[in-house]
Amino acid sequence: MAYKIAIIVGSLREASLNRKMARAICKIRDDNLDCSIVEIGELPLYNQDLDGNPPEQWLRFRDQVAAADGVLFVSPEYNRGIPGVLKNAIDVGSRPYGQSVFDKKPAAIVTVSPGAIGGFGANHQIRQSCVFLNMPVMQQPEAYLGHVTEDSFDESGSLKAGPLGQLVASLAHAFHDWVDMIHRSRQLLADDAAHAAQAAKTKEHA
Ligand SMILES: Cc1cc2nc3c(=O)[nH]c(=O)nc-3n(C[C@H](O)[C@H](O)[C@H](O)COP(=O)(O)O)c2cc1C
């Protein structure tokens, strides 16, 4: 059974390199990752006054993320930080208080830029929010993907052969393994707890 992955792309640009990168990553593990991009461009700005009567776009977004087994953030860096549209989506998904749809979802963060630093600043700002949101975030390989241009991709949307393609392939496999490990270990813990409860019950009635 494939894991459902919600991809959140921090660029609304039609020809976005980040969107292309997100698709290229998914293609590498489409055997076991069922990825869909959750659109964030139409989300009204988060306003706590609306928590009691939320806009339908917020509800749809929250449902889409809640249904996922993992979240992949793929984002540009704007002015050395997280793009506002992505921060808004994170805020929308995190509320109402105590009902965050991000809670416990395994995640990975990829930043893509034509520049040399590869969105390092934005990457760590997203990571900082994920820490607060209680999302186990994949540590390695770190993905500050610099020097990415249209020319990095072939006509089918895959990355051309080379060091970038190799790094992204290792990232896609690591993300799959990360999501798999977290879900399997939670299942084992749940099974253990069920066995312990059953054993306690049997002892009680002995
Ligand atoms: C408002 C704005 C701010 C930007 N700031 C940065 C930056 O801090 N670091 C960086 O590497 N690139 C920066 N860029 C360039 C983006 O990395 C580049 O436009 C990239 O292609 C955007 O991602 P996209 O192709 O997915 O839309 C900025 C672009 C815009 C529009």
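Heads up: numbering here begins at 1 and tracks the sequence. Start at 1 and go down the list; that is how both ligands and their atoms are numbered.
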If you measure only the distance, is there a donor-acceptor pair under 3.5 Å linking the side chains of K20 and S152? no
Applying a heavy-atom cut-off of 4.0 Å, say which part of S11 lies close to ligand 1: side chain, backbone, both or neither. side chain
Closer than 4.0 Å to some heavy atom of N18 - which atoms of ligand 1 meet that? 23 (O), 24 (P), 26 (O)
Please check if the number of heavy atoms outside K4 that lie under 6.0 Å from its NZ is greater than 12. no
Would E77 count as a polar contact of ligand 1, with the cut-off being nitrogen or oxygen pairs under 3.5 Å? yes
Got more than 12 heavy atoms from elsewhere within 6.0 Å of CD, Q140? yes
Starting from M135, can I reach V74 by hopping between I/L/V/M/F/W/Y residues whose side chains sit under 4.5 Å apart? no
For atom 8 (O) of ligand 1, what is the closest protein heavy atom, and at what distance to 0.1 Å? R80 N, 2.7 Å
Quick one: does atom 15 (C) of ligand 1 have a protein heavy atom under 4.0 Å from it? no
P114 heavy atoms, cut-off 4.0 Å: which ligand 1 atoms fall inside? 17 (O), 18 (C), 20 (C), 21 (O)
Is the shortest N/O to N/O distance between Y78 and ligand 1 below 3.5 Å? no
Is any heavy atom of the protein nearer than 4.0 Å to atom 26 (O) of ligand 1? yes
Does V38 offer a backbone N or O that forms a donor-acceptor pair with the side chain of Q64 under 3.5 Å? no
Report yes or no: does N79 have a heavy atom closer than 4.0 Å to ligand 1? yes
Atoms of ligand 1 under 4.0 Å from any heavy atom of P76, numbered from 1 in the order shown, are 22 (C), 23 (O)
All salt bridge (Lys or Arg N to Asp or Glu O under 4.0 Å) counterparts of R60, not counting sequence neighbours: E56
Cluster link V65 to I126, ILVMFWY, side chain under 4.5 Å: yes
Enumerate the atoms of ligand 1 whose separation from the nearest heavy atom of S113 is less than 4.0 angstrom. 10 (C), 11 (O), 12 (N), 17 (O)
ILVMFWY network linking L133 to Y46, side-chain heavy atoms under 4.5 angstrom: yes
Polar-atom distance check: L17 versus ligand 1, any N or O pair below 3.5 Å? yes
